[in-house]
Amino acid sequence: MKEGLLVVISGASGTGKGTVCKKLFETEKKLAFSVSATTRAPREGEVDGVNYWFLKKERFEEMIEAGEFLEWAKVYDNYYGTPLKKVEERLKNGEDILLEIDTQGALNVMEKMPKGVFIFLLPPSLAELKRRIEGRGTETEESLKKRLGAAKGEIALGEKYQYLVVNDEIENAVKSIKNILKAEKLKSERNLNLLEELK
Ligand code: ADP
Ligand code: 5GP
């Protein structure tokens, strides 16, 4: 059985990761979303166990202690982390899984799981990024400032990823990500069985 693909998508807050991933999941039925744990409060419409596992700080810290995270990070004053067990189980079963995580977390995953596919989503411009976060209307003035303040530093880390995708039009970004996944699946190292069968 071939191991599934571990796909990591990062990008500055407001770039459109959530929007692009949602669209991607509409057609990529075999791709699973890794539901992260977080200590931040749910936004309107967010459902526990679907968008995130919303946890109290104490519970999150217990999970860190118990080694239950593949990675975790403090992002804008809250904890965020990827539960390890689900990721391991899925990959072992040959299922692909997508992690939508921040740059600190992604750099940790690059070390632990170098076979992963690392994609960085970029906004078309910083002005458009600001418009998108403001337009989403989910942040307080303080949180907005933090997210914009962190954006340039996060974007600079884009060079560590294998792929850079600009989210100009949602459809374009989704198409690019689908192309990346298709190419990754065709890599020779994942398909050596084809050569064996023809020997
Ligand atoms: P992230 O998950 O990266 O923080 P979101 O998916 O929440 O970002 O998107 C931030 C805002 O930008 C949302 O209001 C969303 O509707 C909007 N948005 C996302 N992608 C695009 C796009 N390609 N063009 C215009 N607006 C977009
Ligand atoms: P938001 O609060 O806007 O949902 O997410 C804030 C940031 O946390 C985003 O950059 C998002 O990708 C990141 N994030 C979400 N889940 C995780 C996770 O499990 N681990 C890490 N390291 N970052 C995460």
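Note: hydrogens, waters and symmetry copies are ignored here, and every other heavy atom, side chains too, is used. Counting starts at 1 for both ligands and their atoms, following the listed order.
- Side-chain atoms of N78 and T39 include a donor-acceptor pair closer than 3.5 Å.
- Between K17 and ligand 1, at least one N/O pair is under 3.5 Å apart.
- The nearest heavy-atom contact from the protein to atom 4 (O) of ligand 2 is Y52 OH, 2.6 Å.
- R190 places a side-chain N or O within 3.5 Å of a backbone atom of E3 that can act as its donor or acceptor partner.
- Set against the non-hydrogen atoms of K17, the atoms of ligand 2 under 4.0 Å away are 10 (O), 12 (O).
- For ligand 2, the polar-atom distance check finds no N/O of E46 at less than 3.5 Å from any of the ligand's N/O atoms.
- Protein heavy atom in closest approach to atom 19 (C) of ligand 1: T19 OG1, 3.6 Å.
- Of the N and O atoms on the side chains of T138 and R136, at least one donor lies less than 3.5 Å from an acceptor on the other residue.
- Note on ring orientation: taking the six-membered ring where Trp is involved, the planes of F60 and F69 are parallel (angle under 30°, cut-offs 30° and 60°).
- The N/O atoms of A37, backbone and side chain alike, include none that comes under 3.5 Å of an N/O atom in ligand 2.
- Taking the side chain as every heavy atom from C-beta outward, L31 and F25 approach each other to under 4.5 Å.
- Counting only heavy atoms of the protein, atom 16 (N) of ligand 2 lies nearest to S36 OG, 3.1 Å.
- Within the 3.5 Å criterion, the main-chain N or O of L5 finds a donor-acceptor partner in the side chain of D96.
- Some N or O of E71 is nearer than 3.5 Å to an N or O of ligand 2, by distance alone.
- K17 places no side-chain N or O within donor-acceptor distance of the main-chain N or O of S10, the cut-off being under 3.5 Å.
- Residues Q162 and G116 share a closest heavy-atom pair of OE1-O, 3.5 Å.
- Residue contacts with ligand 1: N167 is placed with a nitrogen or oxygen under 3.5 Å of a nitrogen or oxygen of the ligand (distance criterion only).
- Taking only nitrogen or oxygen atoms, main chain and side chain alike, E100 reaches within less than 3.5 Å of ligand 2.
- A salt bridge links K23 with E26: the distance from a Lys NZ or Arg NE/NH1/NH2 to an Asp or Glu carboxylate oxygen falls below 4.0 Å.
- Counting protein heavy atoms only, atom 7 (O) of ligand 1 is closest to R136 NH1, 2.8 Å.
- Protein heavy atom nearest atom 6 (C) of ligand 2, with residue, atom name and distance: Y80 OH, 3.5 Å.
- In this structure, of R136, R43, R40, the residue bringing a heavy atom nearest to atom 3 (O) of ligand 2 is R43.
- Any N or O atom pair closer than 3.5 Å counts here, and R147 shares at least one such pair with ligand 2.
- Where the criterion is an N or O separation shorter than 3.5 Å, residue side chain and backbone included, D102 meets it with respect to ligand 2.
- Looking only at protein heavy atoms, the nearest one to atom 2 (O) of ligand 1 is G18 N, 2.9 Å.
- For the pair D102/S13, no side-chain contact is recorded, criterion being any heavy-atom separation below 4.5 Å from C-beta on.
- Looking at D168 against ligand 1, only its backbone comes within 4.0 Å, counting heavy atoms.
- Protein heavy atom closest to atom 7 (C) of ligand 2, with residue, atom name and distance, is V75 CG1, 3.9 Å.
- No side-chain donor-acceptor contact under 3.5 Å links Y76 and S143.
- Of all atoms in ligand 2, listed by their number and element, those nearer than 4.0 Å to a heavy atom of G81 are 18 (C), 19 (O), 20 (N).
- The pair K146-D77 meets the salt-bridge criterion, with a side-chain N (NZ, NE, NH1 or NH2) lying under 4.0 Å from an Asp/Glu carboxylate O.
- Of all protein heavy atoms, the one closest to atom 10 (C) of ligand 1 is G14 O, 3.6 Å.
- For the pair S13 and ligand 1, a heavy-atom separation below 4.0 Å is found.
- Atom 12 (O) of ligand 1 has its nearest heavy-atom neighbour, among K23, R131, R132, in R132.
- Here the rule is side chain to side chain contact (heavy atoms under 4.5 Å, CB included) with I180, and of K182, E184, K178 only E184 fits it.
- Scanning the protein heavy atoms around atom 8 (O) of ligand 1, the nearest turns out to be G16 N, 3.1 Å.
- Under a 4.0 Å criterion applied to the non-hydrogen atoms of A73, ligand 2 contributes the atoms 22 (N).
- In this model, no donor atom of one side chain and acceptor atom of the other lie less than 3.5 Å apart for K185 and N191.
- Checked against a 6.0 Å centroid threshold, the rings of Y79 and W72 count as neighbours.
- Within the structure, ligand 2 lacks Q104 among the residues with a heavy atom less than 4.0 angstrom away.
- Against a heavy-atom cut-off of under 4.0 Å, G105 is close to the following atoms of ligand 2: 22 (N).
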